[in-house]
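Here the structure is a predicted model, which is why all the values come from computation and not from measurement. Below, chains carry the letters A, B, ... as their sequence lines are ordered, and counting in each starts from 1.
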Amino acid sequence: MDRYNFELVENKWQKYWDKNKSFISKVDTSKEKFYCLEMFPYPSGKIHMGHVRNYTIGDVLSRYKSMKGFNVLHPMGWDSFGMPAENAAKQNNLNPKVWTEKNISVMKTQLKKLGLSIDWDREISTCSEDYYKHQQLFFLSLYKKGLVYKKENYVNWDPIDETVLANEQVIDGKGWRSGAIVQRKKLSQWFFNISNFSEELLNGLDNLKSWPNKVKTMQKNWIGKSFGCEINFKIQGNLPINAIKCYTTRPDTLFGFSFLAVSVDHPISKFFNENTQFIKFKNECSKTGTTEESIAQGEKIGFNTGLFAVNPLDTEQKVPVYFANFVLMDYGFGAVFGCPAHDQRDLDFALKYNLPVKTVVMPENKDETFKVKKEAYTGPGVIINSNFLNGLKVPNQSINKTIDILEEKQLGKKKINFRLKDWGISRQRYWGCPIPIAYDKDDNVLTVPEDQLPVKLPENIDLNVKGNPLDKAENWKNIKINGKDCIRETDTLDTFVDSSWYFLRFCSPKNKKHGYDLDEINYWMPVDQYIGGVEHAILHLLYSRFFMRAINYKNRNFKITEPFEGLFTQGMVCHETYKDENNNWVSPDEVETEDKKNFYIKKNPSKKVKVGPSESMSKSKKNTIDPEEIINNYGADSVRLFILSDSPPEKDIQWSEQGMVASYKFIQKLWMLHKKFKIRIEENSNNKNEEIAVFINQMIKKINYNLEKFNYNVIVANLYEAYNFLSQKLNVAIDKKTLLDNYIKFLSIISPIIPHFASECLSDLKLNPLQKWPEIDKNLIKEDTVEYVIQINGKKKGTIKCMKDISEEELIEKIKNNQNTKKILESKKIKKSFFVKNRLINILI
RNA sequence: GCCCUCGUGGUGAAAUUGGUAGACACAAAGGACUUAAAAUCCUUGCCCUUUUGGGAGUGCCAGUUCGAGUCUGGCCGAGGGCACCA
């Protein structure tokens with residue numbers, strides 16, 4: 001074959017891998033395991049470039065580890081419950097299952113075309129009964145352990161999707177999927193008691209050595225641990241309220257007490273429910289809470305209760321009690337003590353309502369006349385104007401000391417608070433895992449007996465109803481448990497529950513009895529390398545970490561707490577955006593240019609197109625490139641090569657047609673090189689030449705280093721370098737053994753990246769297409785000459801080649817005598833010199 | 001507002017962790033081959049010098065060091081996360 005025919009070759013090897021079950025994994029305790037997992041896709045229809053990048057990164061790693069002799073588990077499955085299926089089914093009047101299965105089959109074919117080394121025997125789909133049956137069992141087990149409960153509370157209601165959203169799914173007051181403005185609504189909901197594990201989830205982060213710090217910081221902030229103190233403030237006034245409890249992290253500023261503020265949902269609000277002005281105020285608050293946050297710009301508003309709170313450290317001092325919009329009921333006790341001088345929100349509030357601002361902390365470099373005016377002082381310093389607290393150092397001394405005093409006088413208690421709230425898992429949707437719960441006539445909660453699991457979703461259901469279709473499915477809803485008439489729970493589980501344990505299921509996907517098999521998970525878990533988008537930094541990763549602890553809880557057999565040993569978050573794939581004269585998005589394949597300046601619509605060159613910034617590919621901006629089309633045009637190896645080449649995997653990458661073409665050409669050039677190698681090998685020359693061997697061994701060293709560090713873009717550069725070197729060296733005959741040995745090594749190191757091509761070349765030479773990862777021949781890379789950099793007063797003046805390990809004096813002598821370098825030191829007096837062995841010398845003159 | 005990350009040619013980026021800045025690739029310009037184009041290959045890449053050479057240079061300003069893209073402090077800019085969390 002003259003030109004490399006990727007179509008024939010790729011097809012051939014994909015069939016070969018399938019037929020030979022090349023990537024099927026089994027427990028083998030004699031081998032070290034490596035569990036490589038990429039975040040499984042939602043089957044939305046077709047794969048996109050983000051998938052290509054994600055799965056190529058994982059595939060390179062899997063193939064490399066496998067060549068190194070690890071027993072690799074590299075599975076794939078489908079996160080197949082969720083809203084889009086339900087919406088698409090509604091539109092096309094079919095069952096979500098049918099829509100989902102069709103998409104899975106399309107996407108599976110597409111993924112196979114990428115040549116991924118996936119163990120397809122382990123394929124799972126979260127919407128299958130085999131899968132969600134076990135999820136229902138987990139739910140019941142958690143329920144029995146007291147980690148699931150039901151409570152009535154305010155929820156984030158998405159009026160478009162008509163479903164409840166978790167706090168994490170509300171972005172800027174809008175639903176993460178629908179974009180609708182989220183409303184507050186009171187509903188009875190199921191919750192996972194994730195806050196029970198706040199402390200452990202926080203501490204566990206310290207053990208995750210191979211996680212990006214960025215993700216750990218985000219989770220840490222999300223869990224939001226704070227140290228403080230609860231204080232019971234005595235209340236005076238004409239209402240039957242004796243005291244209000246507050247949580248504070250700054251008890252040391254108590255002498256700056258200026259007002260007490262409570263949430264409008266605080267229990268004391270019941271005394272104001274008849275007060276029309278209060279009702280008006282409450283409405284005002286709910287507006288600023290979720291909606292026009294930006295317009296209100298965080299304006300603080302309050303409603304005076306007429307009550308007074310007594311300062312526990314100075315019972316003479318009495319301050320007004322307000323309802324305030326910036327106090328949240330679901331954090332602390334829904335009440336705060338206001339110290340305007342040292343908290344910006346309190347200061348804003350105090351200035352608005354003319355409340356006193358008393359400075360009680362001064363910075364170290366100021367004196368006691370220091371006064372807070374328009375900016376609260378929150379930094380370190382010394383306590384002032386605070387009676388017996390004066391002189392304490394802020395924050396270390398002052399906070400602990402004040403808490404001690406308050407505890408001693410029984411006015412307060414040390415307390416640790418978390419921001420993390422329990423995980424609401426109820427969704428009013430059809431296409432999700434049914435919750436195995438029923439209610440009898442008296443509304444008692446009953447669990448569905450295990451022998452009746454799975455609770456299957458009803459088929460043939462009318463989705464075109466308002467609200468939850470399951471609620472309207474009378475045949476399905478009404479059941480008997482132990483002979484009693486019951487009604488099923490019609491909520492389904494949040495799809496984040498599905499993805500919180502799928503990595504366990506991959507270890508024993510066909511086990512009918514249990515969701516996981518202990519022997520299997522003890523061998524395979526944890527996931528050694530998890531790879532996916534940073535957008536899941538909090539939700540999915542935190543939920544999975546929780547879920548392991550929840551199974552672990554009161555279960556001696558289950559040993560896993562952290563599911564993901566290593567985490568890698570890859571960047572997005574971006575493309576320029578285009579808009580026509582009417583400001584409509586235009587897709588890249590409709591756009592053309594001749595001079596890189598003027599872009600126009602292909603079919604109609606008079607129609608100009610505006611070029612916008614490069615953004616992550618999305619259907620809404622029409623700046624997507626279809627991977628299947630690209631694979632058909634250039635081949636999977638070229639796509640893999642390109643998607644790895646231009647940027648470090650953790651950063652965003654620009655899609656570039658030119659870059660894609662360059663990768664394609666490179667593979668063609670490699671094929672020419674292959675043919676050259678083949679001819680040289682067949683020549684059977686005796687011309688010994690170690691240069692190639694030295695080069696290849698150095699190359700392996702570099703590539704090992706870059707593989708371990710995920711510098712995949714540098715590896716591609718290394719391959720180009722290798723090509724440039726080899727194509728020159730092959731101009732003369734070289735002995736067969738050196739050539740063959742080193743060419744095999746070269747083909748081995750390129751095979752994780754372009755596996756079809758490497759396999760084809762190896763088999764063309766009648767060699768095993770699945771090679772071991774090459775060892776470095778240490779004798780070859782042990783160089784006996786080195787090149788020294790010569791610096792004069794810190795500036796580079798030249799280089800000199802000499803024997804390795806020579807002394808400083810010898811080197812200076814050499815520089816003085818060498819033809820090229822002697823003028824550097826001519827008639828100069830050396831004051832001092834710095835010598836870095838085998839590397840550099842810096843001479844001061 | 002708070003927290004995190006990052007600023008290197010026309011562009012995407014390298015730099016073995018304090019030791020030759022710009023590997024590798026894209027784009028551009030010039031050249032070779034060709035009747036011509038495409039493809040391919042070679043050269044160039046900031047400033048001064050015809051060349052040999054020399055100089056500046058990693059967002060800006062200072063500092064530490066024999067030596068700083070890399071470390072420290074301050075400023076400017078970009079991106080991401082969180083947002084009344086008391």
Side-chain angles (χ1 to χ4, degrees), chain A residues 171-172 212-222 224-226 228-229 231 246-251 253 261 263 288-289 293 296-300 324-328 330-339 342-346 348-349 375-376 378 417-421 534-535 537-538 571 596 614 642 645-648 650-654 656-663 665-666 668-669 672 698 701-702 705-706 709 711 713-724 787-799 831-836 839-844:
Chain A
I171 296 151
D172 289 334
N213 286 328
K214 180 174 61 173
V215 175
K216 286 195 274 190
T217 312
M218 280 163 73
Q219 290 211 356
K220 195 180 155 201
N221 292 340
W222 191 263
K225 183 178 184 176
S226 71
C229 162
I231 300 173
C246 293
Y247 172 74
T248 176
T249 55
R250 294 300 303 276
T253 61
S263 159
T288 52
E293 208 179 282
Q297 199 67 52
E299 203 196 344
K300 318 282 175 287
N325 65 335
F326 63 93
V327 184
L328 305 171
D330 50 7
Y331 185 79
F333 301 103
V336 301
F337 96 80
C339 174
H342 307 290
D343 183 292
Q344 193 58 48
R345 287 161 310 190
D346 295 350
D348 294 345
F349 190 81
E375 210 173 303
T378 55
N417 240 346
F418 291 94
R419 216 189 69 132
L420 182 67
K421 287 167 207 147
V534 73
E535 65 273 18
I538 298 169
K596 308 268 168 225
S614 185
F642 172 69
S645 68
D646 259 17
S647 294
E650 71 275 14
K651 283 180 60 177
D652 288 354
I653 188 171
Q654 295 292 321
S656 135
E657 188 78 25
Q658 274 152 340
M660 187 58 243
V661 171
S663 297
K665 282 184 187 165
F666 182 62
Q668 293 293 344
K669 289 202 272 186
M672 303 310 281
Q698 283 170 338
K701 199 180 161 194
K702 278 192 207 171
Y705 175 85
N706 288 322
K709 293 209 147 194
N711 298 334
N713 57 323
V714 186
I715 294 177
V716 175
N718 291 153
L719 297 185
Y720 273 96
E721 237 178 286
Y723 167 82
N724 291 343
E787 191 178 50
Y788 270 92
V789 173
I790 307 160
Q791 290 185 341
I792 300 296
N793 295 339
K795 279 192 177 153
K796 182 191 166 191
K797 292 291 167 185
T799 60
K831 278 191 209 151
K832 203 175 170 161
S833 64
F834 292 84
F835 180 70
V836 186
R839 212 151 197 186
L840 169 144
I841 185 161
N842 187 7
I843 300 166
L844 305 188

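For A/Q658, taking side-chain heavy atoms from C-beta onward, the closest of the listed nucleotides B/A27, B/A56, B/C24 is B/A27. Among the nucleotides B/A56, B/A86, B/A83, the one closest to the side chain of A/T248 is B/A86. In this structure, of B/C24, B/A56, B/A86, it is B/C24 that holds the atom nearest to the side chain of A/A717. Distances from the side chain of A/Y705 to the nucleotides B/G19, B/U16, B/A25 place B/U16 closest. Residue A/K669 has its side chain nearest to B/C41 when only B/C41, B/G81, B/G12 are considered. Looking at the side chain of A/M218, the nearest of the listed nucleotides B/G81, B/U20, B/C82 is B/G81. Checking B/A86, B/A15, B/G12 against every side-chain atom of A/T249, the shortest atom distance belongs to B/A86. Considering only the side chain of A/E787, B/U20 comes nearest among B/A56, B/C24, B/U20. Here the side chain of A/R419 is nearest to one of B/A86, B/C82, B/G81, namely B/C82.
No contact: A/K702 has no heavy atom under 4.0 Å from any strand. Using a 4.0 Å heavy-atom cutoff across all strands shown, A/E721 reaches sugar-phosphate atoms only and no base atom. Heavy atoms of A/Y247 sit under 4.0 angstrom from at least one base atom. Within 4.0 Å (heavy atoms only), A/V327 reaches at least one base atom of the nucleic acid. Contacts of A/L328 with the nucleic acid, taken as non-hydrogen atoms under 4.0 Å apart, include base atoms. Here A/Q344 lies out of heavy-atom contact (under 4.0 Å) with every strand. Residue-level contact check: A/N713 touches the backbone only, with heavy atoms under 4.0 Å from sugar-phosphate atoms and none from bases.
Between A/N221 and the phosphate of B/C4, there is no side-chain N or O to OP1/OP2 separation shorter than 4.0 Å. In this model, the phosphate group of B/C26 is not approached by any side-chain N or O of A/S656 to a distance below 4.0 Å at OP1 or OP2. Look at A/K796 and you won't find any side-chain N or O under 4.0 angstrom from OP1 or OP2 of B/G55. The phosphate of B/G67 has neither OP1 nor OP2 within less than 4.0 Å of any side-chain N or O from A/K797. The shortest distance between the side-chain N/O atoms of A/Y331 and the OP1/OP2 oxygens of B/A86 is below 4.0 Å.
For A/K665 against B/U40, no side-chain N or O and base N or O form a donor-acceptor pair under 3.5 Å. Residue-to-nucleotide contacts include no donor-acceptor pair under 3.5 Å from the side chain of A/K651 to the base of B/C6.
Under the 90° criterion around 0 for the glycosidic angle, B/G67 counts as anti. For B/U17, the base adopts the syn conformation, since its glycosidic angle falls within 90 degrees of zero.
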* **Working for ring pair (Phe, Tyr, Trp, His ring centres under 6.0 Å), residues A/Y331 and A/F418** => CA-CA 8 Å; A/Y331 185 79; A/F418 291 94; 9.8 Å; no
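With respect to the salt-bridge test (charged N to carboxylate O, under 4.0 angstrom), the residues A/E721 and A/K702 qualify.
Judged by distance alone, with hydrogens and angles left aside, the side-chain atoms of A/N713 form no donor-acceptor pair with the main-chain N or O of A/D646 at under 3.5 Å.
For B/G53 and B/G59, the P atoms lie 30 Å apart once the distance is rounded to whole Å. Remark: the separation of the P atoms in B/C2 and B/U16 is 34 Å, to the nearest Å. Comparing B/C82 with B/U72, their C1' atoms sit 29 Å apart, to the nearest whole Å. The same atom, C1', is picked in B/G30 and in B/G18; the two are 40 Å apart, to the nearest Å.
A/Y247 and A/S226 share a side-chain donor-acceptor pair at under 3.5 Å.
Look at B/C26: its Watson-Crick or wobble partner, with both distances under 3.5 angstrom, is B/G10.
A/N793 places none of its side-chain heavy atoms less than 4.5 Å from the side chain of A/K795.
Ranked by how close their nearest RNA chain B nucleotide is to the 5' end, A/A662 and A/N711 are led by A/N711.
In this structure, A/F835 and A/Y788 have parallel ring planes: the angle between them is below the 30° cut-off, well short of the 60° mark.
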